[in-house]
Amino acid sequence: MAKTTATAVNNDIYDQLGERWYDAHDDPVALLRAESRLRNPWVAAHIFRSFGRHARVLDVGCGAGFLSNHLAREGFGVTGLDASQASIDVAKRHDETRKARYLLGDARQLPFDDASFDVVCAMDFLEHVEGPSSVVAEIARVLRPGGVFFFHTFNRNALAWLVVIKGVEWFVKNTPRHMHVLRLFIKPRELERMCSENGLSFQVLQGSEPVVFSWAFWRMLLTRVVPHDFRFRFSKSTLLAYTGYARRGERGSGE
C-alpha cells in the first residue's frame, strides 16, 4: 500500500508578495489587511491598559508588519520575527517610525532569553506551522510572569473548511493552493490546553467573522476582488475564527 503524505501548508507564497502585501486587492492578503484593521486597535488598547506605553512586545510570525508597525506607531517597543526575509524587508519599508526591530527566526526556537517580553502576539500564524504546541511553549518561555499572549487563528470544522478555505479559493482572485489546510486549524479547546500546559490561562476568547450584510462583501463575491472597505467584526461564535489572549501566571510557568 502506498504511503499517504499529509498536505503541507504553502508558506512560500509570502516570499513572493512584495509590495502586494500592502497594495493588492485581487489577492487574499487583502483579507488579512482587513482583519488587521479590526484587531490591531483592539490589541493596542489591551496592551496599553495592562502595561502602558513601555510594554516590550514580540510579534511572532509578523509577516509584512501589519501589527508590528501599528504597535510601533502607538509607541510600544516592538520586535517582529518571521521566517520570511522577503516579508521582513517589506515590513521594514513600511515602518514609518523606524523604531520596530525585525528579525529572521524560527518560532520554535525563539532567540530570546526567558521572560524577555511583556506581550507576545501570534496573529494568523499558528495555523501555518506543524506542531503549534512547541510555538506556544516558546511563547510562554519568553513571556515574563504576568505577561500576555495574544492570538488569532482558525477553528477546525466543516464550516471553516467551506468558508475559510474553499470560499476564499472561489471568491478571491489569485488564491494559491494550500494557503491554508484544514488539518492545521486548531480548535479553541486545543489551544487552551496548549496554553494551560505552559502556565498560560485564557482570559478572553471571541469569534471573528466577515461582515456579510454589506455592499463590500457582495462586491467581492461578484468581482473576486476585495474592496478597500471590506470589514471583519468580532462575534460570539468561534466556529470560523477566534481571537483572544491568555496570561502567564505571576510566578512563572508552574501557575
Contacts of W170 that satisfy ring-ring contact (aromatic ring centres under 6.0 Å, His included) - sequence neighbours left out: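 Once residues adjacent in sequence are excluded, W170 has no partner under the ring-ring contact (aromatic ring centres under 6.0 Å, His included) criterion.
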Is the closest side-chain heavy-atom distance between [X] and [Y] below 4.5 Å?
X    : Y    : result
I47  : L71  : yes
E197 : R193 : yes
R247 : L200 : no
L205 : P188 : yes
H25  : V225 : yes
F202 : L191 : yes
L38  : R231 : no
L182 : I165 : yes

Grouping I, L, V, M, F, W and Y whenever their side-chain heavy atoms are under 4.5 Å apart, do [X] and [Y] come out in a common cluster?
X    : Y    : value
Y14  : I88  : no
F171 : V29  : yes
F217 : L162 : yes
F125 : W21  : no
V204 : F151 : no

Y102/N69 under side chain to side chain donor-acceptor pair (under 3.5 Å): CA gap, chis, key distance, verdict: CA-CA 10 Å; Y102 284 104; N69 289 340; 2.6 Å; yes
Nearest atoms (heavy-atom pairs only) where [X] meets [Y]:
X    : Y    : answer
V43  : C121 : CG1-SG, 4.3 Å
D82  : G61  : OD2-C, 3.3 Å
A30  : A24  : CB-O, 3.4 Å
P28  : K173 : CD-O, 3.7 Å
M220 : P227 : CB-CD, 3.9 Å
L110 : V60  : CD2-CG2, 4.4 Å

Could you grab the distance from atom CG of L67 to atom CG of D59, nearest 0.5 Å is fine? 4.5 Å
CE (M194) and CG (L126) are apart, to the nearest 0.5 Å, by 7.5 Å
I want to know whether F76 and F51 have ring centres closer than 6.0 Å. no
Check whether the ring centres of W161 and F185 lie less than 6.0 Å apart, and answer yes or no.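 Aromatic pair excluded; centres sit 6.0 Å or further apart.
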Backbone N or O of [Y] within a donor-acceptor pair of the [X] side chain at under 3.5 Å?
X    : Y    : answer
R37  : F230 : yes
D106 : A83  : no
S50  : H46  : yes
D118 : A55  : no

Would you sort out whether V164 and H180 count as a side-chain contact (heavy atoms from CB on, under 4.5 Å), showing the intermediate values? CA-CA 8 Å; V164 177; H180 291 117; 4.3 Å; yes
Go through the structure and list residues passing side chain to side chain contact (heavy atoms under 4.5 Å, CB included) with [X], not counting sequence neighbours.
X    : value
R39  : L32, E35, S36, M123, D124, H152, F234, T243
T97  : A72, R73, D95, K99
R183 : A6, E130, V181

Looking at [Y] and [X], is there a salt bridge between them, counting it only when a charged N and a carboxylate O are closer than 4.0 Å?
X    : Y    : answer
E19  : R93  : yes
E138 : R141 : yes
R33  : D27  : no
R156 : E190 : yes
R53  : E74  : yes

Can D229 and R219 be said to form a salt bridge (charged side-chain N to carboxylate O under 4.0 Å, His left out), step by step? CA-CA 10 Å; D229 55 347; R219 289 202 307 276; 2.7 Å; yes
F117 and I139: CA distance, side-chain angles, deciding distance, side-chain contact (heavy atoms from CB on, under 4.5 Å) verdict: CA-CA 9 Å; F117 296 94; I139 286 170; over 6 Å; no
Output every pair passing side-chain hydrogen bond (donor to acceptor under 3.5 Å, both in side chains) with a member in residues 200-214, not counting sequence neighbours, ordered by first then second residue.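 Sorted result for residues 200-214: S201-Q203, E209-R233, E209-S235.
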Checking L31 against V168 for the side-chain contact (heavy atoms from CB on, under 4.5 Å) test, could you report, in this order, the C-alpha distance in whole Å, the side-chain angles of both residues, the deciding distance, and whether it holds? CA-CA 9 Å; L31 296 174; V168 174; 4.0 Å; yes
Walk me through it: do D26 and N174 pass the test side chain to side chain donor-acceptor pair (under 3.5 Å)? CA-CA 7 Å; D26 58 340; N174 298 312; 3.3 Å; yes
Evaluation steps, side chain to side chain donor-acceptor pair (under 3.5 Å), between S84 and D15: CA-CA 6 Å; S84 167; D15 289 328; 2.5 Å; yes
Between H128 and N11, is the side chain to side chain donor-acceptor pair (under 3.5 Å) condition met? List the steps. CA-CA 7 Å; H128 286 274; N11 289 325; 3.0 Å; yes
If you count the non-hydrogen atoms of other residues, nucleotides and ligands that lie under 6.0 Å from NZ in K187, is the total more than 12? yes
Kindly indicate, with the supporting measurements, whether the criterion side-chain contact (heavy atoms from CB on, under 4.5 Å) is fulfilled by I186 and N155. CA-CA 5 Å; I186 304 168; N155 203 340; over 6 Å; no
D89 versus Q85, side-chain donor and acceptor atoms under 3.5 Å: yes
For Y245, the side-chain hydrogen bond (donor to acceptor under 3.5 Å, both in side chains) test, sequence neighbours excluded, returns none
Stepwise, does the salt bridge (charged side-chain N to carboxylate O under 4.0 Å, His left out) test hold for E169 with R177? CA-CA 8 Å; E169 289 177 359; R177 284 177 55 81; over 6 Å; no
